[in-house]
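Below: one structure, written as structure tokens.
All values below were derived from every heavy atom in this structure, side-chain atoms included, with hydrogens, water molecules and symmetry-related copies excluded. Proteins get letters first, then strands, A, B, ... in listed order; numbering begins at 1 in each.
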Amino acid sequence: MAGWAIAVHGGAGVDPNLPTERQEQAKQLLTRCLNLGIEALRSSVSAIDVVELVVRELESDPLFNSGRGSALNENGTVEMEASIMDGSGRRCGAVSGLTTVKNPISLARLVMDKSPHSYLAFSGAEKFARQMGVETVENDYFITQDNVEMLKLAKEADSIVFDYRIPKASYESCGTQVESPIKMNGLPINIYAPE
Amino acid sequence: TVGCVVVDSQGHCAAATSTGGLLNKRTGRIGDSPLIGAGTYACDLCGVSCTGEGEAIIRGTLAREVGAVMEYKGLGLQEAVDFVIKERLDEGKAGLIAVSKTGEVAYGFNSVGMFRGCATENGFMEVGIWD
């Protein structure tokens with residue numbers, strides 16, 4: 001039997017000018033999550049339980065765009081989504097439009113294990129969360145000052161643009177960016193920000 | 001967006017992805033992360049989690065593609081990841097992490113950087129951001 005293996009990510013599309021201390025913070029969080037998963041794998045915890053355990057840790061830390069620290073929508077609030085899949089039997093669970101569930105990945109797991117469905121969204125997902133008794137919090141628990149600032153920048157530029165980590169200075173210089181000729185779904189590709 | 005993929009000592013794969021989505025997105029917008037086969041996929045061959053421009057990942061059914069080219073083209077894990085990132089994103093920018101039932105780990109991205117970390121039972125461990 002081959003050995004275990006694990007990988008984690010915190011998002012693609014990084015501001016090339018991200019300050020060094022932010023880069024170090026990110027690496028420390030990734031290392032902490034890897035070690036959490038490695039310890040569980042050494043204790044023979046199953047793959048599906050390890051991925052849920054590690055993503056919960058990532059959701060609870062405000063550094064990356066999930067759970068606490070999620071990017072803000074046009075209304076300045078948080079709408080979260082998640083999914084989980086077990087390769088054994090290809091079982092899966094997904095949720096969207098969550099506003100109060102502290103760890104969306106665990107609700108996705110409950111959709112997989114405790115519901116006859118694969119995907120619940122918005123009010124149905126929130127109702128299921130209460131039925132399952134998962135931990136819920138006020139929406140402002142997920143909102144960080146950093147992201148409030150980034151939303152302000154995006155509003156000023158009136159678009160969905162950019163990775164929300166780009167500091168104001170470089171952002172203003174992007175304000176005059178030339179319309180990209182490349183289109184996706186019929187829209188200029190540059191309105192799609194890396195998540 | 002955050003994600004984790006694991007293959008355990010029994011050779012079972014799993015994947016999980018979670019996100020707040022796009023900054024300044026319209027309310028009700030669904031990205032790739034909750035869509036099985038797009039942002040997240042696992043089968044008996046591999047486990048995959050994606051991140052980046054959600055709309056491009058959805059259109060490319062990116063996560064399932066890794067499993068599909070392993071299954072139908074017989075590619076190895078890193079070959080499959082490289083093929084999918086190169087051939088399935090059109091002009092979109094994205095990244096993904098993956099494991100295989102034989103204990104391999106791989107990642108690929110065409111965006112500017114990706115926050116990622118990986119480790120295997122034989123002691124390999126890497127944490128990185130840039131190429």
Heavy atoms only, distances under 4.5 angstrom: which of [options] has the most pairs with chain A? Name it, please.
| options | value |
| --- | --- |
| B/Asp90, B/Val127, B/Asn110 | B/Val127 |
| B/Ala16, B/Gly39, B/Gly3 | B/Gly3 |
| B/Met114, B/Glu121, B/Met125, B/Glu126 | B/Glu121 |
| B/Ala63, B/Gly117, B/Gly103 | B/Gly117 |
| B/Ala15, B/Gly113, B/Cys43, B/Ser100 | B/Ala15 |

Nearest 0.5 angstrom please: [X] [atom1] to [Y] [atom2], how far?
| X | Y | atom1 | atom2 | value |
| --- | --- | --- | --- | --- |
| A/Asn65 | B/Thr19 | CG | OG1 | 4.0 Å |
| A/Met150 | B/Leu23 | CE | CG | 7.0 Å |
| A/Asn75 | B/Lys25 | CG | NZ | 11.0 Å |
| B/Phe115 | A/Leu63 | CZ | CG | 7.0 Å |

Could you tell me whether the side chain of [X] and the main chain of [Y] form a donor-acceptor pair under 3.5 Å?
| X | Y | value |
| --- | --- | --- |
| A/Glu74 | B/Thr27 | yes |
| B/Thr40 | A/Ile84 | no |
| B/Thr17 | A/Ser83 | no |
| A/Asp86 | B/Ala42 | no |
| B/Lys101 | A/Gly87 | no |

Engaged part of [X] at the chain A interface, taking heavy atoms whose separation is under 4.5 Å:
| X | value |
| --- | --- |
| B/Cys46 | neither |
| B/Ala119 | both |
| B/Val99 | side chain |
| B/Ile36 | side chain |

Least distance between heavy atoms, [X] atom then [Y] atom:
| X | Y | result |
| --- | --- | --- |
| B/Gly21 | A/Ala71 | O-CB, 3.6 Å |
| B/Trp130 | A/Pro16 | CH2-CA, 3.9 Å |
| A/Val51 | B/Ala14 | CG1-O, 3.7 Å |
| A/Glu79 | B/Gly28 | OE1-N, 3.0 Å |
| B/Gly95 | A/Ala12 | N-CB, 3.9 Å |
| B/Val2 | A/Phe64 | CG1-CB, 3.5 Å |

Review point. Which of residues 30-48 of chain A have a heavy atom under 4.5 Å from any heavy atom of chain B?
Key: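 The residues closer than 4.5 Å to chain B, in numerical order, are A/Leu30, A/Thr31, A/Leu34, A/Asn35, A/Ile38, A/Leu41, A/Val45, A/Ser46, A/Ala47, A/Ile48.
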
Check your understanding: Is any residue of residues 117-132 of chain A within less than 4.5 Å of chain B by heavy atoms, and which ones?
Key ->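 Listed by number, the contacting residues are A/Tyr119, A/Phe122.
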
Please check if [X] and [Y] belong to a single hydrophobic cluster, counting links between Ile, Leu, Val, Met, Phe, Trp and Tyr side chain heavy atoms closer than 4.5 Å.
| X | Y | result |
| --- | --- | --- |
| A/Phe142 | A/Leu98 | yes |
| B/Leu62 | B/Val81 | yes |
| B/Val105 | B/Val69 | no |
| B/Leu77 | B/Phe124 | no |
| A/Val55 | A/Leu53 | no |

Practice item. Tell me, with the steps shown, if B/Tyr41 and A/Arg90 meet side chain to side chain contact (heavy atoms under 4.5 Å, CB included). Key: CA-CA 8 Å; B/Tyr41 185 73; A/Arg90 287 207 299 261; 3.3 Å; yes

Review point. In terms of heavy-atom pairs under 4.5 Å with chain B, which of A/Val50, A/Asn73, A/Asn103, A/Val8 leads?
Key: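 Max contact count across the listed options: A/Val8.
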
Check your understanding: With chain B, which of A/Arg109, A/Arg91, A/Met80, A/Met85 has the greatest number of heavy-atom pairs at distances under 4.5 Å?
Key ->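 Option with the greatest count: A/Met85.
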
Review point. Just one of B/Cys50, B/Cys118, B/Ser49, B/Cys4 clears the side chain to side chain contact (heavy atoms under 4.5 Å, CB included) bar with A/His9, so which one?
Key: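 The option that passes is B/Ser49.
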
Practice item. Using side chain to side chain contact (heavy atoms under 4.5 Å, CB included) as the criterion, point out the one residue from B/Thr1, B/Leu35, B/Ile30 that pairs with A/Glu81. Key: B/Ile30

Exercise for review: Would you mind reporting whether A/Val14 and B/Phe109 have side-chain heavy atoms less than 4.5 Å apart?
Suggested key: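 Of all side-chain heavy-atom pairs linking A/Val14 with B/Phe109, none is under 4.5 Å.
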
Check your understanding: What part of A/Val78 lies closer than 4.5 angstrom to a heavy atom of chain B: side chain, backbone, both or neither?
Key ->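 The answer is neither part of A/Val78.
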
